[in-house]
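Down below is the structure, laid out as structure tokens.
Everything quoted here is computed from the prediction, not taken from an experiment.
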Amino acid sequence: MNLVSSQVAPHSDVHMEVSAALAAWGPGIAYGRLLRFRSGDGVELPSLSVECEVCIGWEMTDGTTFEFRLRDDVMWQDLQPVNGRQLVAEDIAYSYERQRSEGMPNGALLNIVDSVEVESQDLLRVNIFAPDADFLGALADGHSKIVAREAVELSGDLRGGPTIGIGAWVFEEAREDMTFTFRRNEDYFLDGMPMLDRLRIHTITDDDTAYAAFRVNNVDVHRLRQEEWEEFRLQKPDATMLKFKETGIGLEVAFKTIEPPFDDVRVRRAAMLAMRPERAIEETWQGAAYQTQGVPLGRADWWLGEEQLGMYFDDHPRATALLSEAVGALPVPVVVRAGDFGAEYLEHAERIAGEMRSVGFAPELEIVDRRWFGEEVWLGGDYQMFVGPMAPVASPNGYMLAVLSSEGAWNTTGHSDEALDALILAQAGEFDAEERRRLVMEIQRHAMEQAYRFMPAAAVSLWAWWPHVRGLEPNFVGSEYSHWERVWLEE
């Protein structure tokens, strides 16, 4: 099977590179993890649910201690200097300590880890500083790889290899670091997996070239751009197509709640009621987006849904009435800072400014470059209102504790909300799935009601594959790649 990566992997050390180009679309797929994100039949997307990869199970001995029992049939790939020996708990402990050591960019995934202890060859204990319901997701992330000490010690790091893992794919060759070929791991611990004999990933950085390769069947699975989606659907109706809801990616709107005019919740609500996200999704994003509050969706049933979200938008008479009630004289001047992150972001920002103008605001749209937006808006909080990508946090707790909580390091809106903070703290360490869902739903409703920040256009990635590709049921969250194991090609 032939796949395409749009980014170049700069080297081969999976602990020293944050890009998914290495972790999930390059040599990194040769490696395995303790856990992985679930995919396949019965998994409703989006989903951050995890399952064992090299363990047979885990238990919590208290709120901050996890014990993982390992499989006894996991072998390293039979390459020097590891030579096909058995995976043991010490390998995982070594890998986690290396990943979270000083200077490792993927170490942030394991910031909650206090210590990693090897109890026996098949028993690993991980202690965390505080209860964290997202901790297992950090271990399942595609960047939390298990690496062999022997391979690292050959030259001090893995930048130039060797790439030796416990995964389904054995790294075979790299052609000019632009085409990576893998062969089936005959000693893989899951019977009958992977189903393909070979997997080849081509690095093609030009989107037009990549799309052309897919259209002529030189590539089997491809991520489409918005403008390609409808064209391809009409021209190739026999192809399988998937709209995958991304989490923590897309266009966000936020209001400065401690300065006029948005220090009045009625003004914030009026601005939201002026907006028409459904129209923007169809006309600006060509359907490749969805509305959400902003909390990364750990499960599909965390989503508030179009009906609940629709209550906060697209009611111009109510918006004008609220605004008049709050400030009296109209129009209300406001500066809207918009990040220049592409045509869709700018078009949506202009649309929002126009919608606000129609209900009594006098918006001045100020376009800023990406660096300025990141430093002065994301981090510095220099805005009355912003329109642009959300802060780069992928986990539910990462967003709720760092962005949405009153004391969060990235709470640049300035809101202070004891009721919201209590809900956030209650869910942070809640491991009961249904109770956490209830709390997260309440958090989202509360945040929408108070109109602090929201995502009128969270990202949807568009995928297509040819009819001969069978068994593909992907979950691309967290740089996941285990779905390729179950794919086969029909002649």
Side-chain angles (χ1 to χ4, degrees), residues 1-9 11-14 17 20-33 36 39-40 53-54 71 73-87 91 95 142-143 145-148 150-152 154 158-204 210 213-214 217-222 465-466 468-474 476 479-491:
M1 184 166 68
N2 288 280
L3 306 174
V4 165
S5 171
S6 63
Q7 296 180 319
V8 176
H11 56 74
S12 295
D13 196 321
V14 290
E17 172 57 37
L22 173 58
W25 296 91
I29 68 170
Y31 293 95
R33 293 152 291 162
R36 63 188 184 184
S39 61
E53 181 162 308
V54 301
R71 300 176 64 115
D73 58 351
V74 181
M75 304 296 171
W76 288 94
Q77 293 162 5
D78 193 9
L79 301 169
Q80 292 184 346
V82 190
N83 298 319
R85 66 170 176 80
Q86 183 180 354
L87 174 80
D91 293 320
S95 298
H143 295 85
K145 311 281 195 189
I146 303 170
V147 301
E150 302 98 305
V152 175
L154 278 179
L158 296 170
R159 287 176 175 270
T163 298
I164 305 171
I166 52 174
W169 307 102
V170 178
F171 179 58
E172 199 167 56
E173 68 170 346
R175 205 180 317 157
E176 298 178 349
D177 290 332
M178 297 296 282
T179 299
F180 303 106
T181 302
F182 306 83
R183 58 178 167 83
R184 183 179 192 272
N185 182 3
E186 299 291 345
D187 299 318
Y188 191 48
F189 53 88
L190 294 180
D191 289 342
M193 301 295 170
M195 302 183 75
L196 292 165
D197 292 322
R198 268 185 169 72
L199 184 67
R200 187 175 293 114
I201 301 176
H202 307 269
T203 304
I204 305 177
F214 177 59
N217 233 324
N218 287 337
V219 172
D220 298 298
V221 182
H222 189 49
W465 53 93
W466 293 104
H468 62 261
V469 177
R470 309 304 298 271
L472 179 54
E473 297 175 299
F476 295 109
S479 295
E480 185 54 61
Y481 51 92
S482 60
H483 37 257
W484 304 123
E485 298 173 16
R486 300 186 297 272
V487 176
W488 75 96
L489 300 182
E490 191 173 68
E491 293 184 5

>> For a 4.5 angstrom cut-off between non-hydrogen side-chain atoms, does E53 reach R71?
In response: no
>> So which atom in P162 and which in A151 form the shortest heavy-atom distance, rounded to 0.1 Å?
In response: CD-O, 3.8 Å
> If we ignore angles and hydrogens, is there a donor and acceptor under 3.5 Å between the side chains of R486 and S39?
Replying inline: yes
> How many angstroms lie between CD in E485 and CE in M195, if you round to the nearest 0.5 Å?
Replying inline: 11.5 Å
> If we only count heavy atoms from C-beta on, is the M1 to W484 side-chain gap below 4.5 Å?
Replying inline: yes
> Can you tell me if S95 uses its side chain to pair, donor with acceptor, with the backbone of D91 under 3.5 Å?
Replying inline: yes
> Does a side-chain heavy-atom distance below 4.5 Å link F180 with R175?
Replying inline: no
> What pair of heavy atoms forms the shortest contact from L154 to P81, and how long is it?
Replying inline: CD1-CD, 3.6 Å
> If we only count heavy atoms from C-beta on, is the L79 to V170 side-chain gap below 4.5 Å?
Replying inline: yes
>> Under a 4.0 Å threshold between the charged nitrogen and the carboxylate oxygen, would R198 count as salt-bridged to E172?
In response: yes
> Could you go step by step and tell me if E17 and R159 meet the salt bridge (charged side-chain N to carboxylate O under 4.0 Å, His left out) rule?
Replying inline: CA-CA 9 Å; E17 172 57 37; R159 287 176 175 270; over 6 Å; no
> Can you tell if the side chain of F189 reaches within under 4.5 Å of the side chain of V54, non-hydrogen atoms only?
Replying inline: yes
>> Under the rule for ring-ring contact (aromatic ring centres under 6.0 Å, His included), what residues qualify as partners of F476, not counting sequence neighbours?
In response: F244, W463, H483
>> A side-chain contact here means heavy atoms from C-beta on lying under 4.5 Å apart; do W76 and I146 qualify?
In response: yes
> In chain order, what residues pass the ring-ring contact (aromatic ring centres under 6.0 Å, His included) check against H202, with sequence neighbours excluded?
Replying inline: none
> For the residue pair S479 and A20, what are the closest heavy atoms and their distance?
Replying inline: OG-CB, 3.6 Å
> Between Y188 and M193, which heavy-atom pair has the shortest distance, and what is it?
Replying inline: CD2-O, 3.3 Å
> For V219, does its backbone N or O pair with a side-chain atom of N2 as donor and acceptor, under 3.5 Å?
Replying inline: no
> Taking the side chain as C-beta and beyond, is there a heavy-atom pair between P27 and T163 under 4.5 Å?
Replying inline: yes
>> Main chain of M178, side chain of T203: is a donor-acceptor contact present, judged purely on distance under 3.5 Å?
In response: yes
> Side-chain contact, heavy-atom cut-off 4.5 Å: N217 with W466?
Replying inline: yes
>> How close do Q80 and I164 get, counting heavy atoms only, and between which atoms?
In response: O-CD1, 3.1 Å
>> Are more than 12 heavy atoms, taken from residues, nucleotides or ligands other than D197, located less than 6.0 Å from that residue's CG atom?
In response: no
> Please walk me through it: do W465 and L472 pass side chain to side chain contact (heavy atoms under 4.5 Å, CB included)?
Replying inline: CA-CA 9 Å; W465 53 93; L472 179 54; 3.5 Å; yes
> If only atom types and distance count, is the side chain of Q7 paired as donor or acceptor with the main-chain N or O of W25 below 3.5 Å?
Replying inline: no
>> Ring of Y481, cation from R33 - is the NZ or CZ under 6.0 Å from the centre and inside 45° of the axis?
In response: yes
> Does the side chain to side chain contact (heavy atoms under 4.5 Å, CB included) test come out yes or no for V4 and I201, once each step is laid out?
Replying inline: CA-CA 5 Å; V4 165; I201 301 176; over 6 Å; no
>> Could you check whether R200 pairs with E173 (Lys NZ or Arg NE/NH1/NH2 to Asp/Glu carboxylate O, under 4.0 Å)?
In response: no
> Is there a side chain to side chain contact (heavy atoms under 4.5 Å, CB included) between L196 and W169 once you walk through the steps?
Replying inline: CA-CA 10 Å; L196 292 165; W169 307 102; 3.8 Å; yes
> What are the two closest heavy atoms between G28 and V14, and how far apart are they?
Replying inline: CA-CG1, 3.8 Å
